[in-house]
Amino acid sequence: KIERSERERGRKMGIRFILMVNKQGQTRLAQYYEWLTLEERRALEGEIVRKCLARNDQQQCSFVEHRNYKIVYRRYASLFFMVGVDDDENELAILEFIHLLVETMDKHFGNVCELDIMFHLEKAHFMLEEMVMNGCIVETSKANILSPIQLMDKAH
Amino acid sequence: MASSNSLMDSLFQRSLEDLIKGLRLGESTFISRSLEEIRREIKLTDLSTKSVALQKLSYLAALHGVDMTWAAFHAVEVVSSSRFAHKRIGYHAIAQSFSDQTPVMLLITNQLRKDLNSSNEHEVSLALECLARIGTDDLARDLTSEVFTLLGSSKALVRKKAIGVVLRVFDKYPDAVKVCFKRLVENLESSDPQLLSAVVGVFCELTAKDPRSYLPLAPEFYKILVDSRNNWVLIKVLKIFAKLASIEPRLAKKVADPVCEHMRKQNVGKSLLFECIRTVFSSLSNQEVALKLAVVKIREFLMDDDPNLKYLGLHALSIVAPKHLWAVLENKEAVVKAMSDEDPNVKLEALHLLMAMVNEDNVTEISRILMNYALKSDPLFCNEIIGSILVACSRDSYEIIVDFDWYVSLLGEMARVPHCQRGKEIEHQLIDIGTRVKDAKLELVRVSRALLIDPALLGNQFLHPILSAAAWASGEYVEFSKSPYEIAEALLQPRTCLLPDSIRAIYIYSAFKVLVFSLGAYFSSQEPTSSPLAQESTSSGPSMVNGFTYNSISSLVNMIELGLCSLSGTIDVEVQERAKNVLGFIGMIKHEIAEKATSQNSETEAHRAIAFMEDVFSEELGPVSSTAQEKVPLPEGLDLNENLEGLQEICREVLEPMAESDYSSDKVSFSVAKLRIRDQEEASSSLPPPLESSSLLAEHRKRHGLYYLSSQKSDDHNDRDGNDNNTSNEYPPANEISVDSFKPKKKISKPRPVVVKLDEGDEPKRKPDASSSNDESLSRAIQTALMGKGKGKEKEKEKERVKENHEMNVDTENIEQSSRREKKNKKNGERSGKRSSRRQRGKEASVTKPVEVPDLLL
């Protein structure tokens, strides 16, 4: 286990990254809240995806430790939603955040599926940007998250 | 043809959707073709084409690992467009790909400023988002005033985003605090739940880094804690209080009540309940009522079927275990049940909790049961179990161990667990116990003998460190051994060729020590009698060793000579040198052994040589303090810094890897060992195997056939998985841990042996954390901002709040006096309790200088 002082020395920012990956291991969305090089990102995504896909959803818990952060993940249909957080985060709250994200996308796309995210990636990014800034959750109301997006859609 | 191609291409630019569809059909060449297209398109002047190209590039970069840093300038161009759609694409690309190293970073400052001042709130929010992701020191400094304005914007959306960006700005440019902090705090008092979420989140992060500076804001946070109904907000506020209460104990008392209120609510969300419990366990654990309630609630978590809740329940218990073990003990059935759970995470947490419950009385039983578990588990968990036993037992110089004989034999048992990979740590402990605990040397030698004799263990590279320790111990404490001949034979057995050269060198040296000891015993036993052939007198050492007859000593010498002859030509210098040294020594005294039988002369050259060597080995090796080197006084005229500076550069690469901790470099050392074995393999396979060694092997096998596998199975040299030993695959059923294991058993009658400890402590001093100058300037800025705020306010709201706080004050005043007295008493008691406080590693950073807590709180 990493020493506590070591952890505190680093720049803690709550949520470090959010990934959406399908069962075949293809990344459908990757949002990072800290700067990582291309190679680092690929390596990280590969390792985490392998860890999560190897686990049994029913009987095992939704938290995995990887290096010096925790991954909270949940599978919805064919997509894995994975959030990398600091050790201090409340894991259950993050699970609720993932659920909130899925519900918000569902409300906007209507029965959201993987294809929706693939072809409307910028919308998904937009939603995430409304919800999380600097690694902190800033908005948790579906209505508030979606209203700017709806406004823009109308303007076009 | 070429021109019409480009015409077609520019007329029909592929959109993002086309790109995605194309990707679904076929990957690698499609990407490189698309990249070519993008490179062409993005250089065109038309902003629409450019932005679509940029959009496609961003997509490829995000999901397919394509580098897009070369397009930085184009992103700046796209962002300058007046169309919102273009801006969006541009900012997204910038947020994704810009970093401190991007050269064109300077170019976007003005663009950001323009957009931040825009009247269109969406443009503003785009710019804020971007700033939050990529903000550098310069950007933060240049745009602080804009952020300040936006913090007071009338539009909630904008304000919320401005709050979100504050963290980054403060982080990169601490002086921004002077400008923005006031507005930030004003937002804290806002009744708009949208804003509250954001603000509280920001303060949560700020407080985590530097709790002391935000202490004066406690009353505001308290109000939110009591009033808010929003779970997200409450969770953040609880985290804030967890940090604040741990440095300001008076807060703990105040906050305990509202926290209990939340816990008692009927349909409280599990996430909020968990946060309450965690806050109580980590920072409010001295509040009895809250603690008891939390322990009751955590039981619900442990009993739940949902693996998430089980895991979190165990995790929370491990937070409270150091200070309040009773909480864990109350839930021991759940912990024991969790040891055999499906989920490896849950098992691990249960293991840690189990180790927390270990004490003097139950350590033998729990270790026994855990070892049985380890045998049945997968390699990862098996090593976790072994590792945690090693850590728990060796803590504070083996404080928990009473019966060292048992513990040493346990270490030997660990070596025989098939998946064991903790060789380094076991090696360290074996040698450590040998030097510290005099009374354990006998058992140590016995265990070492068993490990050395077994030829099967030599094939398992993970055990080589343990064998090295066993060899060292056998040589160093040979006087405790029953049969030195056996030891020497085991040290020189044919299969030792599987060892890496460094360990082989240790083996040879230990054989030398055995030889010297035996010769010393032989020669000293000759003196009083005149007919040595007939008698077998006991030696002068510990009564374990029988005297040596002429026959036995000469067979020992011959055996050693024979075993080392084949080594005198090895490639490795260390091994060769030692082998030759021993052979030389033998050559010198060999003829005297025969002579000894007839003459009485005790002043022979051989006798003197042997006495001299015995002297060399007679000094006790004890534990060395890590500060010992510093205590050696420097001789006159020696300037270390000047003389050694030149070496530092060269030595740095060599010394640094050695300084890492044991656990993490386990893998490194194993792979090195693997390489060396492979080298040896190659070296030995290129030469024809010498006839001598194969016949020696056959002879050894005859004599110790019990230890070898049946000759049908091949004797592999490189058994990676270590299944080389003789334990059958059917293990006796593991004892179920019963709850009774935790009841205190009757005391053992044998007294605990003396363990040598060093006064200065045995661990190397940790270097003090170098806090970055940025953090310090940030906290200073915040403190000054808050002090300035506290003095001059005259608003109505303030008066109301002061009245509310007065009620708090009345309570705290009485507490303050008594707590001052408590603090004085604590100081006196602290000095004696220094040792125990050093053990509690979970302690927060110590108080530096007292922060002026403003009148609001006192």
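Basis for what follows: all heavy atoms, side chains included, without hydrogens, waters or symmetry-related copies.
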_Backbone of B/S271 reached by a side-chain donor or acceptor of A/N90 within 3.5 Å_ = yes
*asked:* Report which part of B/K310 has an atom under 4.5 Å of a heavy atom belonging to chain A: side chain, backbone, both, or neither.
replied: neither
*At a heavy-atom separation under 4.5 Å, does B/L19 approach chain A through its side chain, its backbone, both, or neither?*
neither
*Ion pair present between A/D88 and B/K243, side-chain N to carboxylate O less than 4.0 angstrom?*
yes
*Can you tell me how far the CG atom of B/N230 sits from the OG atom of A/S141, to the nearest 0.5 Å?*
10.0 Å
*If every non-hydrogen atom of B/A132 is compared with every non-hydrogen atom of A/N134, which pair is closest and at what distance?*
O-ND2, 3.2 Å
*With rounding to the nearest 0.5 Å, note down the distance linking CZ in A/F63 to CG in B/N345.*
9.5 Å
*Test log, rule side chain to side chain contact (heavy atoms under 4.5 Å, CB included), inputs B/L167 and A/C136*: CA-CA 10 Å; B/L167 259 182; A/C136 298; 3.7 Å; yes
*asked:* Nearest 0.5 angstrom please: B/K21 NZ to A/M118 CE, how far?
replied: 11.5 Å
*Could you walk me through whether A/R55 and B/D343 pass side chain to side chain contact (heavy atoms under 4.5 Å, CB included), step by step?*
CA-CA 9 Å; A/R55 287 170 69 82; B/D343 185 347; 3.3 Å; yes
*asked:* Side chains of A/E130 and B/K161, heavy atoms from C-beta outward: is any pair under 4.5 Å?
replied: yes
*Pick one of side chain, backbone, both or neither for A/F97, based on which atoms fall under 4.5 Å of a heavy atom in chain B.*
both
_If you define the side chain from C-beta out and look only at heavy atoms, does anything of A/E129 sit under 4.5 Å from B/S125?_
no
*Pairwise distance NE2(B/H92) to CZ(A/F126) - rounded to 0.5 angstrom*: 11.0 Å
*Contacting region of A/L115 [heavy-atom separation from chain B under 4.5 Å]*: side chain
*Select one option (side chain, backbone, both, neither) describing which atoms of B/L309 are under 4.5 Å from chain A's heavy atoms.*
side chain
*Heavy-atom pairs under 4.5 Å with chain A are the metric here; pick the option from B/G201, B/S99, B/A62, B/S197 that has the most.*
B/S99
*Using the side chain to side chain contact (heavy atoms under 4.5 Å, CB included) rule, take B/Q96 and A/Y32 through it: C-alpha gap first, then chi angles, then the decisive distance, then the call.*
CA-CA 8 Å; B/Q96 195 175 292; A/Y32 286 85; over 6 Å; no
*Find the distance between CG (B/L157) and OG (A/S147) and round it off to the nearest 0.5 Å.*
7.0 Å
_Exercise: identify the closest heavy-atom pair between B/S97 and A/W35_ = O-CH2, 3.7 Å
_I'd like to know if A/E139 and B/K160 make a salt bridge, using a cut-off of under 4.0 Å between side-chain N and carboxylate O._
yes
_Among A/E96, A/R42, A/R41, residue most engaged with chain B (heavy-atom pairs, under 4.5 Å)_ = A/E96
_What part of A/E39 gets within 4.5 angstrom of chain B, counting heavy atoms only: side chain, backbone, both, or neither?_
neither
*asked:* With a 4.5 angstrom heavy-atom cut-off, is it the side chain or the backbone of B/V165 that approaches chain A, or both, or neither?
replied: both
*So which part of B/Y59 gets closer than 4.5 Å to some heavy atom of chain A, the side chain, the backbone, both or neither?*
side chain
*Check each atom of A/L121 against the heavy atoms of chain B and say whether the ones under 4.5 Å are side chain, backbone, both or neither.*
side chain
*Output the distance between atom CG (A/L95) and atom CG (B/N308), rounded to the nearest 0.5 Å.*
5.5 Å
_Atom CG of residue position B/D305 - does it have more than 12 heavy atoms of other residues, nucleotides or ligands inside 6.0 Å?_
no
*asked:* Counting only heavy atoms from other residues, nucleotides and ligands, does the tally under 6.0 Å from CD of A/E40 exceed 12?
replied: yes
_Please classify the contact between A/R28 and chain B as side chain, backbone, both or neither, with a heavy-atom cut-off of under 4.5 Å._
backbone
*Flag the pair A/E122 / B/I89 as yes when at least one side-chain heavy-atom distance between them is below 4.5 Å, and no otherwise.*
no
